[in-house]
Student: 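Right, I'll just put the structure down here and ask away after.
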Amino acid sequence: MTHLASTTDTVEKASATPGAPQPWRELGLRAEEYARIRQILGRRPTEAELAVYSVMWSEHCSYKSSKVHLGYFGQTTAPAVRERMLAGIGENAGVVDIGDGWAATFKIESHNHPSYVEPYQGAATGVGGIVRDVLAMGARPIGVVDPLRFGPAGAPDTARVLPGVVAGVGGYGNRLGLPTIGGELVFDASYAGNPLVNVLCVGAMRTEQLHLARARGVGNKVVLFGASTGRDGIGGVSVLASQTFSGEGSGRRKLPSVQVGDPFTEKVLVECCLELFAAGLVAGIQDLGGAGLSCATSELASAGDGGMSVTLDAVPVRATGMTPAEILSSESQERMCAVVRPADVAGFLAVCAKWEVPATVIGEVTDSGRLVVTWHGETVVDVPPRTVAHEGPTYHRPLRRPPTQDELRAATPDRLRRPSTPEELRATILAMAASPNLCSRSWVSDQYDRYVRGNTVCAQGADAGVLRVDETSQRGVAVATDCNARFCALDPYLGAQLALAEAYRNVATSGAVPVAVTNCLNFGSPEDPGVMWQFQQAVCGLADGAAVLGIPVTGGNVSFYNQTGSTPILPTPVVGVLGVLDDVRRRIPVGVGLAGDGLWLLGRTRDELGGSEWAHVVHGHLGGHPPEVDLAAEAALARLLASAAREGALRRAHDLSEGGLAQALVEACLASDTGAQVTLPGEAFVALFAESSARVLVAVPPAAAQRFLDLCGEVPHVRLGVAGGGSLEIDGLPRLGLAELRGAWDATLPALFG
Amino acid sequence: MDVMPKPEILDPQGKAVAGAMARLGFTGVHDVRQGKHFELDVEDGLDDETLHRIATMLLANPVIEDWAVRWVGDEPGTDGETPG
Amino acid sequence: MDVMPKPEILDPQGKAVAGAMARLGFTGVHDVRQGKHFELDVEDGLDDETLHRIATMLLANPVIEDWAVRWVGDEPGTDGETPG
Amino acid sequence: MTGRIGVITFPGTLDDVDAARAVRLAGGEAVRLWHGDDDLRGVAAVILPGGFSYGDYLRAGAIAAFAPVMRPVLDAARRGMPVLGICNGFQILCEAGLLPGALVRNAGLRFVCREVALRVENRSTPWTSGYRSGAEITVPLKSGEGRYVADEGTLAELEAAGRVVFRYVDPAPSGALHDIAGVCSADGRVVGLMPHPEHAVDPLTGPGADGLAVFASVFASVVDAELREDRM
Ligand SMILES: Nc1ncnc2c1ncn2[C@@H]1O[C@H](COP(=O)(O)OP(=O)(O)O)[C@@H](O)[C@H]1O
Ligand SMILES: [Mg+2]
């Protein structure tokens with residue numbers, strides 16, 4: 001940083017020169033924040049301290065705009081629900097008990113801005129970062145899910161960003177040996193200058209292996225291990241992630257704001273960590289992500305005994321001439337920080353040596369209540385760690401329902417022209433199946449390894465990714481992420497609940513029992529009161545919804561400033577749900593089953609087309625009301641699916657979401673490579689394209705039909721027809737041959753992206 | 001045209017090669033960085049500006065990479081080459 | 001050191017780059033081939049023979065690739081460079 | 001001490017757990033070997049699994065070919081021990097000179113993960129003896145550098161000698177010459193292939209169980225050899 005004097009700025013100097021001008025504004029701090037730092041320290045901060053506070057008090061690290069709202073998740077989690085959580089909000093990732101002594105952990109994180117600047121590396125390091133979060137809980141990372149959102153499919157910039165992002169997710173995940181078991185791919189004009197690259201990682205561990213990010217035990221050593229520290233992403237978090245892309249002019253020397261990932265180093269780091277955990281050599285651990293060492297040391301100390309001393313000279317650096325501020329805020333990837341009992345240090349270093357992972361003791365735990373960092377024998381940081389990590393600024397941003405919201409709600413799809421003739425309906429089914437948001441995702445998912453480690457039970461094209469956790473008992477987990485941002489635009493409260501309902505339903509449709517929620521809240525600028533209103537509504541909707549469903553929100557991630565100029569993205573609270581299968585052999589794949597299987601539609605269909613894919617694809621329309629939310633119906637449906645799966649009453653199933661029943665039938669027929677004869681319940685257009693929630697298509701073997709009906713109970717169910725033949729035959733419509741359907745469904749992404 | 005990772009940027013490829021050299025006992029090499037090499041067969045009149053645009057739009061991402069151009073004569077690959 | 005796919009080996013990367021150039025309207029480029037570029041920081045005394053062994057054992061696979069070495073002076077990247 | 005089959009782990013190897021599982025499902029004992037090992041711990045056959053050894057940033061398999069464990073592998077292969085390289089293992093065997101040719105970037109430039117149909121064209125190797133001749137099997141393919149290339153002479157020789165062990169039934173997704181998915185050494189003992197039979201050992205987690213016969217074949221072959229040795 002150019003403002004750094006050639007000689008180091010020490011605490012001593014800072015006390016002696018209280019009036020020295022400091023670039024706090026360029027580092028993204030507000031005047032009152034800088035004043036508060038001076039008040040906390042009783043002097044001006046050193047340059048290193050200023051760097052530490054500015055990165056840690058950035059929006060990305062401190063959640064200063066969102067904190068006041070996120071508290072609602074905790075307030076709405078009932079004690080009985082909380083009990084099933086072994087770790088929740090505030091830890092690196094949420095952890096839930098999944099039975100038989102196993103625990104699962106999962107979390108989503110965004111890497112939106114870096115992926116726009118350098119799609120491959122941005123996406124790659126997004127995978128790397130979330131994997132380390134899961135690893136830091138003591139778990140083996142076992143799978144990845146990648147919810148992706150881009151501008152219009154045909155836009156030139158999408159052709160630049162999308163292939164790079166997909167290659168980056170695959171390039172890192174594949175090399176790391178993690179199966180990618182699901183994801184999302186959504187195109188909408190609002191993401192044109194601001195793609196969303198969210199990555200979810202799920203991990204599994206024996207419950208006793210749970211590790212927490214705490215520095216406890218005075219005299220315990222702090223070990224930094226993994227890659228060496230370079231000038232990567234310095235200012236990445238504070239500058240890049242806290243301002244829109246055009247907002248250059250931070251006055252700093254131009255340093256690369258994007259990091260480059262090394263998945264090989266991460267793979268070795270993962271295996272090394274797991275061996276360290278198994279050997280009981282780790283007393284506390286934290287990954288190094290945004291804000292690097294500043295974050296790891298202050299969070300470990302703050303959550304532990306409160307003090308830590310660090311000798312910065314011990315940190316292995318890759319670049320020459322790095323200043324203390326740079327070392328502390330470097331975002332070099334593939335690093336971890338552990339707290340190790342002195343007696344275990346030799347054993348710890350030996351395991352690292354086996355894996356050829358560089359490891360260095362850089363400090364120790366103290367009870368001083370201070371984080372003290374020295375450099376060349378002088379003190380460059382001396383701060384109370386809580387003020388850095390946990391007591392950062394809190395904003396109560398103004399929020400206001402935008403006046404345009406009423407117009408949006410009033411512009412219902414009722415006046416849009418609906419297809420009426422059988423030929424029009426048939427053509428609409430085909431056109432929808434070929435549209436970018438509904439067509440086959442194989443172009444993307446074929447670039448991801450889904451087989452590695454041999455525990456992937458459902459992946460490509462499944463409602464939820466299903467992974468076996470225990471090869472002996474066949475216990476496993478299911479994961480899905482969802483968000484229909486158009487619904488969220490129409491009503492962020494209900495939209496978030498619909499996202500939750502859909503992810504929950506996808507998990508249930510795979511045969512699993514949903515047990516936990518995570519989220520990644522992608523929004524525009526928090527300085528825009530309309531965006532802040534959307535955010536607050538979405539948080540409340542999600543929290544209230546999870547409370548009704550009786551499953552905890554175990555963690556999440558907030559990404560603000562997703563906008564181009566002053567136009568924010570559609571509010572996009574991506575919701576992830578984790579479910580448990582006692583026996584993965586009883587999962588339910590997507591499809592229509594075998595010829596002769598009965599096809600049933602579960603749930604109630606209403607004339608609900610506001611925010612629907614049909615309105616979007618055919619009319620480019622967004623307005624009206626989102627579908628009704630009925631969480632009690634979702635829960636009843638999930639119970640039915642779980643018991644029917646357990647009793648073998650279902651051969652196949654597929655949940656209904658974007659594109660309604662028409663799209664569900666198309667996908668299910670293609671998945672089974674089998675046709676179907678279907679009679680539509682009610683008016684054809686609504687039956688085919690409405691997007692009412694709480695609905696699932698199921699295929700029931702003839703022998704199980706009676707058992708299935710007995711189980712249905714209160715859940716509305718209507719028989720659609722039977723599976724079989726080589727085409728989708730919908731009563732009253734010209735038939736749709738499977739080959740024609742597949743051609744339409746398969747061709748779109750290859751035609752766009754090669 | 002050579003495209004190289006910027007000096008501040010991690011170069012995992014170069015790192016892996018350097019590690020392998022050390023294991024193989026090649027001691028005389030201090031550091032390795034790996035980048036891409038493009039051989040463009042261009043029209044005589046092609047100007048530097050066009051080349052600049054090709055480089056920054058297509059061949060390199062200026063956020064993480066530097067690039068350098070070297071003109072060679074008609075016979076490709078004749079300059080300073082040791083037999084390969 | 002530059003490592004290039006042998007002329008008889010299909011070079012899909014180079015072809016893809018050439019295709020992209022054509023789509024972007026860069027007309028002056030007839031052909032593109034893509035290979036790897038290594039910058040080795042070596043000891044002064046390092047002989048050609050060692051370099052040859054490094055190339056054929058590690059950096060290039062003689063089955064599919066040719067390679068060429070170019071020595072540059074102390075300042076890395078100073079020869080024939082246009083600003084990147 | 002029968003049916004001990006080694007599975008090598010290099011740093012960056014990913015499918016070692018899968019290969020070991022396949023060996024166990026076929027009845028064998030999987031012995032885990034480490035890249036730094038300098039002997040093969042008495043195994044009767046050895047598998048180099050898939051992954052990205054040392055990151056594979058340079059050329060797939062290029063660095064692993066020089067790992068310490070490759071010395072005893074080369075020696076054992078010369079003495080006729082069955083050696084199988086899957087995906088990255090195949091790349092390593094080519095780089096190490098145990099198999100001819102090379103594997104280069106897919107013609108489509110993208111990593112490809114999908115199920116492919118293969119024809120078993122040579123069932124006289126210890127890794128394929130359990131297949132019916134001409135059997136068609138479905139196994140996953142997942143690689144970015146899976147395009148098999150060799151010069152014309154080598155290809156002609158491989159074809160003439162029946163050393164193309166596995167061939168893609170449909171045009172190779174990688175653009176491999178002659179649609180070659182796997183080849184063997186002149187003595188047939190060393191086999192390398194790009195697709196992953198170890199991911200097709202259980203219909204629950206793969207396209208089926210067509211790949212299991214690879215591991216059953218070698219298990220039968222080494223047990224057989226051990227019995228014969230005992231009798232001598
Ligand atoms: N970016 C992606 N990466 C991997 N798989 C994806 C991606 N996008 C979509 N998929 C997969 O494609 C299938 C269809 O996705 P989607 O239509 O979003 O499912 P649903 O509507 O059931 O939530 C799912 O199996 C999903 O996991
Ligand atoms: Mg679904």
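Quantities reported herein were computed from a predicted structural model and do not represent experimental measurements. Residue numbers begin at 1 in each chain, while the letters A, B, ... track the order of the sequences.
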Student: Would you compute the distance between atom CG of C:Asp31 and atom CD of B:Glu39 and round it to the nearest 0.5 angstrom?
Tutor: 9.5 Å

Student: So what's closer than 4.5 Å to chain B heavy atoms on C:Ala20: side chain, backbone, both or neither?
Tutor: both

Student: Around atom CD of C:Glu49, are there more than 12 heavy atoms of other residues, nucleotides or ligands at under 6.0 Å?
Tutor: no

Student: Name the option with the most non-hydrogen atom pairs under 4.5 Å to chain B; the candidates are C:Val42, C:Val3, C:Leu59.
Tutor: C:Val42

Student: Under a 4.5 Å heavy-atom cut-off, does chain C meet the side chain of B:Met1, its backbone, both or neither?
Tutor: neither

Student: What part of B:Leu58 gets within 4.5 angstrom of chain C, counting heavy atoms only: side chain, backbone, both, or neither?
Tutor: side chain

Student: Does atom NZ of C:Lys6 have more than 12 heavy-atom neighbours from other groups under 6.0 Å away?
Tutor: yes

Student: Among C:Glu43, C:Met57, C:His30, which has the most heavy-atom pairs under 4.5 Å with chain B?
Tutor: C:His30

Student: Could you walk me through whether C:Arg53 and B:Leu24 pass the side-chain contact (heavy atoms from CB on, under 4.5 Å) check?
Tutor: CA-CA 11 Å; C:Arg53 280 178 42 228; B:Leu24 287 175; over 6 Å; no

Student: Given B:Lys36 and C:Gln13, is the side-chain contact (heavy atoms from CB on, under 4.5 Å) satisfied, shown in steps?
Tutor: CA-CA 11 Å; B:Lys36 293 177 211 149; C:Gln13 294 178 284; over 6 Å; no

Student: Between chain B and each of C:Thr27, C:Val17, C:Asp41, count heavy-atom pairs under 4.5 Å; write down the option with the most.
Tutor: C:Asp41

Student: For chain C, which of B:Leu40, B:Thr50, B:Asp47 has the most heavy-atom pairs under 4.5 Å?
Tutor: B:Leu40

Student: Is B:Phe26 in contact with chain C via its backbone, its side chain, both, or neither, using a 4.5 Å heavy-atom distance?
Tutor: side chain

Student: Give me the atom names and distance for the closest heavy-atom approach of B:Ile54 to C:Met21.
Tutor: CG2-CE, 3.3 Å

Student: Under a 4.5 Å heavy-atom cut-off, does chain C meet the side chain of B:Leu51, its backbone, both or neither?
Tutor: neither

Student: Enter the distance from C:His37:NE2 to B:Arg33:CZ here, rounded to the nearest 0.5 Å.
Tutor: 11.0 Å

Student: Between B:Asp2 and C:Asp2, does a side-chain contact (heavy atoms from CB on, under 4.5 Å) hold up when you go through it step by step?
Tutor: CA-CA 9 Å; B:Asp2 296 324; C:Asp2 297 324; 3.9 Å; yes

Student: Pick one of side chain, backbone, both or neither for B:Leu46, based on which atoms fall under 4.5 Å of a heavy atom in chain C.
Tutor: side chain

